[in-house]
Amino acid sequence: MLRTHTCGELRKEHIGQTVTICGWVENKRDHGGTIFIDVRDRFGRTQVVVSPEEGEDVLKLAETLRGEDVISVTGQVASRLEGKTNPKIATGEIEIRGHQIQVLNRSQTPPFYPNQEELPGEDLRLKYRYIDLRRESMQRTLLLRSAIIKSMRDYFAEHQFIDVETPVLGRSTPEGARDYLVPSRVHPGKFFALPQSPQLYKQILMVAGYDRYVQVARCFRDEDLRADRQPEFTQLDMEMSFVDADDVMAMIDGLMARLAHQFLDLELQTPLPRISYAEAMRRFGTDAPDLRYGMEIVDVSHLAQQTAFRVFRGAVDAGGYVRGIKVVGQASQFSRKRIDELTEFVKNDFGAKGLAWFRVEPDGSLWSPISKNLEPPVLAGLQQAFDAEPGDLLLLLADSWEVTCKGLNGLRKRLAAELRLYEPGQFHFSWVVDFPMFEKDDETGRWVAMHHPFTSPLDEDLPLLSSDPTKCRAKAYDLVINGYEAGGGTIRIHDSTVQQQVFELLGMSPQDAGQRFGFLLNALQFGAPPHGGIALGIDRIVMLFGGLDNIRDCIAFPKTQRATDLMTEAPGEVDATQLRELHIQTVPPGK
RNA sequence: GGGGCCGUAGCUCAAUUGGUUAGAGCCCUGGACUGUCGAUCCAGAGGUUGCGGGUUCGAGUCCCGUCGGCCUCGCCA
């Protein structure tokens, strides 16, 4: 070892010892005679003092040091002078008298410093990620991530789960997200796909009798990025045999309680609250509602049927809805300009035709640019439906079910953030359950599986598979934390006739199904136990637990929004030779 | 593919309705200084205003295009 101690561990009790520390020069304060150097490693910061009595050589060397140089310092631990301690750092009561300094490596002047007060632009941080990762907050997050993953692994190990690795090179399955493809050199014209999740493998492990499987698995999806979405991300993937949905959720309840206790100092009440998909859509307009605050959606479609006002009446006559939310007591905060911004927001982002709004006047009446179009009983009905008090602001959308859901969810989230309807350290964990089995694909108009085609229907909904599949609900459950989908899972079909029925509903012939998932269907015929599981988004959980607002800050080497790596400049060009070996020809993008 | 915000010194930012030689702090270079911890003080260096066009007597500022970063809709079983 080149050192005897880290930069974070020396205390008063070490006074008198001769030690060697190594680290980066964080700061230098040169008084001409005496020089102070703060040496930093990931464990902390220690002050080194070089005074003239240490000798000409070491003093001269100390003068030349610059930020981010890597040095080792040998010297005696000493008490700081009376009144010169630094309570801001853990080692602030001591300092090292720098008898000997060795420069292990000089640093060029870096584009930015890890301790600079204003964060540089994110592109710079990503290009020089090795410097960005020296920042204390990045190190704190990666340490948190490491600790969370360790705790998860410990938990599952304690519950008899076996960690099994599954392939990264797999077979492309056309459903779901776009695949990242890997060409096969050995098989011209054929491709591997990187896994979107280890879904099929873990089911096969259940057939193989492993009973409880867990893996920290890297997953890949070639879709556009968001603040909470990366093209490669990490799942805590698990699967259990001989269980139903309650068992899987209970297992995760235990994990979440453990993590919340350990990392958030929060005692979760388990079982975690559950809400059905239908209720979530009705009350919050999303399958991942943020339950830290209210501002629930109110449906006033029944009133819209009683008015001649075309905007409202037209929406319901066309099979749509009039629904809205109430901003309590904040009407005065909403200028015309701000409401116009919200209107543009729902138009641009969710395809709403407009935004209707009402201010509740001191006398309790509703004022709005459109109130003259509404009959007094309708206005009274609105006020009653929203339980509107003076000072409240009502925001309504008259549109299809989907647009009212998306728009009101968007408004609700945006306003909650702007109006600070929740505290920074506040958390809400819940389950959303009873998802529909099927949803309509807007492009093709076909029915597709909402989760995946192996999801089991609810037992009581089995008859609906033949009578009214759209009403059929699935044994699917999503873990939602503060409005983010933190995980999702299902109980799988283990009955081949049910599986066939589902394939048929999805428009898949037995031949189609066999071609796509033959290996799984085969496996299911050789003694498949009832089984189910879940995958948790580790990056998102770290993001939430760390109080961060973007997933890149929880990943050591993330991609930009355009799915590139600014540090390595991946993706990059490859040699023609490589392409030839892979039997690949590239076609320039069409205009 | 659509909507939005941003791009000025190595970094973070400023620059009046379009108007003189584009400024500040930090960093960097040199100097002074024996107890600082955002050290201090003095001096200095540092600019293709992302890039390319255009409008104008005159563009960091306005217009068009383009590149890059971020937010978002679509997309993400």
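Note that the structure is predicted; figures quoted are calculated from it, not measured. Letters A, B, ... are given to chains in the order of the sequence lines, protein chains preceding strands, and every chain is numbered from 1.
- For A/Asp349 and B/C73, a side-chain-to-base donor-acceptor distance below 3.5 Å is absent, hydrogens and geometry of angles not being considered.
- With both pairing distances under 3.5 Å, B/C41 is matched to B/G31 as a Watson-Crick or G-U wobble pair.
- For B/C76, its base sits under 3.5 Å from the side chain of A/Arg229 at one donor and acceptor pair at least.
- Side-chain atoms of A/Arg29 and base atoms of B/G38 include no donor and acceptor less than 3.5 Å apart.
- The environment of CZ in A/Arg338 is crowded: more than 12 heavy-atom neighbours from other residues, nucleotides or ligands sit within 6.0 Å.
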How far apart are the C-alpha atoms of A/Met238 and A/Ile534, what are their side-chain angles, what is the distance that settles it, and do they pass the side-chain contact (heavy atoms from CB on, under 4.5 Å) test? CA-CA 6 Å; A/Met238 70 90 128; A/Ile534 192 169; 3.7 Å; yes
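- When heavy atoms are screened at a 4.0 angstrom cut-off, A/Tyr113 is found touching the sugar-phosphate backbone but no base atom.
- Straight-line distance between the C1' atoms of B/U40 and B/C33: roughly 8 Å, to the nearest whole Å.
- The side chain of A/Asn86 sits closest to B/C37 out of B/C37, B/C76, B/C70.
- Using bins of under 30°, 30° to 60° and over 60° for the plane-to-plane angle, the ring pair A/Trp401/A/Tyr321 lands in the perpendicular bin.
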What string of B, S and - do you get for nucleotides 4-10 of chain B 5' to 3' if you count protein non-hydrogen atoms under 4.0 Å? ------S
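- Under 4.0 Å is where a charged nitrogen must lie from a carboxylate oxygen, and between A/Arg125 and A/Asp553 at least one such pair does.
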